[in-house]
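Working notes, beginning with the structure itself.
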Amino acid sequence: MKKVERINVIMRYINNRAHFTISEIMQEFNVSRSTAIRDIREIEAMGMPLVAEVGRDGGYFVMNNSVLPTVRFTDNEIKALFIAFMATRNLQLPYLKSRHSLAEKLLGLISETQQDDLVLLNQILLFEGTNPHNPDLLDLSDLPHPMLEQLIQILLKDRYLAVSVEEGREIRSYSIYLMHLYREKSSWQIEGFDLEEEKRRIIPVDNLTDVKPYPEKKRISKMKIAEQLSKQEEAVNLILELGPKAIAQFKKYHPLKITISYTNPFQTTAILKTFIHVRHPDELAEMTNWLLFLGGNIKVREIPKEIVEGLRERVDVWGSK
């Protein structure tokens, strides 16, 4: 019997008894004393309120006659959890090891028939962006950057951060107020407000070398940050109407800052409004490529002339080949 399955069975055994001893656990589950003690400690760590009794006939009982509620999953709930795990493979999400142990516990709680169903689902279901040759779901094959979980642990307590970033061969330091942590183009990014330069800044998590809370004495208030950001909001210079084919392309990929508003209840038409920094060559090239990716099922209401010139250049290059 696997450890996770054994612990789940022991928990059910305890729930059905008012009192138990280590010796009873050893005999019932054919384990050594040290293993039984480790399992009991792990069950306590999971939240079961056990109280140890001292004395020759001592043992354990559940505090205040409290027992863990019986957890039952329907077949569809089990499939929903498992498919959610499958859909996130190769995404380098944080807390992957916890997802690994959670999946093991789920498998330990269900019947063999339900396990067979999940094995079959794992063989036949593929999701966009996943590798069909990816190892089994429970393998830790898509670990994120080691700084990601450390960053999340800190920002849950404090969003004012002092970060060190590798840029080329140099290490630069920034003081930021973190606004968003997002994943785009297969990498995690920090969107923050630079507290010294008082402007928005994007920092790749992969480039982080250190992160820690920023000293309180040097902080700018959240209200002032919001005021600065509102002053720096750019005017819209790209407006497009999207048809169903363009919407399908949009769903496949779009830059994080760009959203669409559907213009009918069936979500077959939509409008897109955004601002493009035409003086930023990288953004200009990226947006030109992305508009070509959307295809011809769009109507242009407003567009920067620099984007039009870029589109013409691309079309001319392809036409000359």
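Only a predicted model underlies this, so the values are computations on that prediction, with no experimental measurement involved. Every heavy atom of this structure was used, including side-chain atoms; hydrogens, water molecules and symmetry mates were not. One is the number of the first residue; the rest follow in order along the sequence.
- For the residue pair Asp117 and Lys79, the shortest heavy atom distance occurs at OD2-NZ, 3.9 Å.
- In this structure, the side chains of Arg219 and Asp158 come closer than 4.5 Å at one or more pairs of heavy atoms.
- Residues Ile25 and Val31 share a closest heavy-atom pair of O-CG2, 4.1 Å.
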**Request:** Apply side-chain contact (heavy atoms from CB on, under 4.5 Å) to Glu28 and Tyr13, showing your working.
**Result:** CA-CA 9 Å; Glu28 183 71 22; Tyr13 174 84; 3.8 Å; yes
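- Side-chain contact between Phe85 and Asn122 is absent, with no heavy atoms from C-beta onward closer than 4.5 Å.
- At a threshold of 4.0 Å, the pair Glu170-Arg172 does not count as salt-bridged, since none of the basic side-chain nitrogens sits closer than that to a carboxylate oxygen.
- Using a 4.5 Å cut-off between side-chain heavy atoms of Ile, Leu, Val, Met, Phe, Trp and Tyr, with links allowed through other members, Val9 and Ile40 fall into the same hydrophobic cluster.
- Across all their heavy atoms, Thr35 and Arg6 have their closest contact at CG2-NH2, 3.6 Å.
- The residue from Lys199, Arg200, Arg183 that alone fulfils the salt bridge (Lys or Arg N to Asp or Glu O under 4.0 Å) condition with Glu191 is Arg200.
- A donor-acceptor pair under 3.5 Å is formed between the side chain of Glu149 and the backbone N or O of Tyr95.
- No side-chain donor from either of Asn207 and Glu167 sits under 3.5 Å from a side-chain acceptor of the other.
- Side-chain contact check for Ile271 versus Arg301: some heavy-atom pair is nearer than 4.5 Å.
- Here the CD atom belonging to Glu166 is positioned 10.5 Å from the CG atom belonging to Leu208, to the nearest 0.5 angstrom.
- Rounded to the nearest 0.5 Å, atoms CG (Asn297) and NZ (Lys299) are 9.5 Å apart.
- Listed for the Gln249 side chain is a donor-acceptor partner under 3.5 Å among the backbone atoms of Phe293.
- Among Val308, Val300, Leu240, the one residue that satisfies the side-chain contact (heavy atoms from CB on, under 4.5 Å) test with Leu291 is Leu240.
- You'll find the side chain of Leu120 reaches within 4.5 Å of the side chain of Gln123, heavy atoms only.
- Atom CD1 of Ile260 and atom NE2 of His254 lie 8.0 Å apart (nearest 0.5 Å).
- Placement of Met223 and Leu195 in two distinct hydrophobic clusters is found when ILVMFWY residues are connected by side-chain heavy-atom separations under 4.5 Å, directly or transitively.
- When every heavy atom of Ser187 is checked against every heavy atom of Asp206, the shortest pair comes out as CB-OD2, 4.3 Å.
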Can Leu161 and Leu151 be said to form a side-chain contact (heavy atoms from CB on, under 4.5 Å), step by step? CA-CA 9 Å; Leu161 305 173; Leu151 173 64; 3.7 Å; yes
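- Side-chain atoms of Tyr160 and Ile225, non-hydrogen and from C-beta on, do get closer than 4.5 Å to each other.
- The closest donor-acceptor contact from the side chain of Tyr214 to the backbone of Tyr177 lies at 3.5 Å or more, if one exists at all.
- Both Leu238 and Leu292 sit in one connected hydrophobic cluster of ILVMFWY residues. Membership requires side-chain heavy atoms under 4.5 Å apart, directly or through other members.
- To the nearest 0.5 Å, atoms OH (Tyr174) and CZ (Arg201) are separated by 4.5 Å.
- Rounded to the nearest 0.5 Å, atoms CZ (Arg312) and NZ (Lys305) are 11.5 Å apart.
- Looking only at side-chain heavy atoms (C-beta outward), Leu284 and Ile307 come within less than 4.5 Å of each other.
- Considering only heavy atoms from C-beta on, Val205 comes within 4.5 Å of Leu181 through its side chain.
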*Audit row: Thr113, Ser111, side-chain hydrogen bond (donor to acceptor under 3.5 Å, both in side chains) steps and yes/no*: CA-CA 5 Å; Thr113 300; Ser111 66; 4.6 Å; no
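- Taking the six-membered ring for Trp and thresholds of 30 and 60 degrees, Phe20 and Tyr60 have nearly parallel ring planes, at less than 30 degrees apart.
- Annotation for Asn264: atom CG counts as buried by contact number, over 12 foreign heavy atoms lying within 6.0 Å.
- Side-chain atoms of Thr263 come within 3.5 Å of backbone N or O of Thr269 as a donor-acceptor pair.
- Although no hydrogens or angles enter the test, the distance criterion places a donor-acceptor pair under 3.5 Å between the side chain of Asn237 and the main chain of Ile276.
- Closest non-hydrogen pair, Glu283 versus Phe275, comes out as OE2-O, 3.8 Å.
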Practice task
Could you give me the CA-CA distance, side-chain angles and deciding distance for Arg41 and Glu44, then say whether side-chain contact (heavy atoms from CB on, under 4.5 Å) is met?
Solution key: CA-CA 5 Å; Arg41 287 176 178 170; Glu44 288 181 298; 4.2 Å; yes
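- Val119 and Phe82 are members of different hydrophobic clusters when ILVMFWY side chains are connected at heavy-atom separations under 4.5 Å.
- Across every non-hydrogen atom of Trp290 and Tyr253, the tightest pair is NE1-O, 2.9 Å.
- Once rounded to the nearest 0.5 Å, the distance linking CD1 of Ile154 with CE of Met147 reads 7.0 Å.
- Taking 4.5 Å as the limit, every side-chain heavy atom of Lys222 sits out of range of all side-chain heavy atoms of Phe193.
- No chain of hydrophobic side-chain contacts below 4.5 Å, direct or via other Ile, Leu, Val, Met, Phe, Trp or Tyr residues, connects Ile203 to Ile171.
- Side-chain N/O atoms of Thr21 and Ser23 include no donor and acceptor closer than 3.5 Å.
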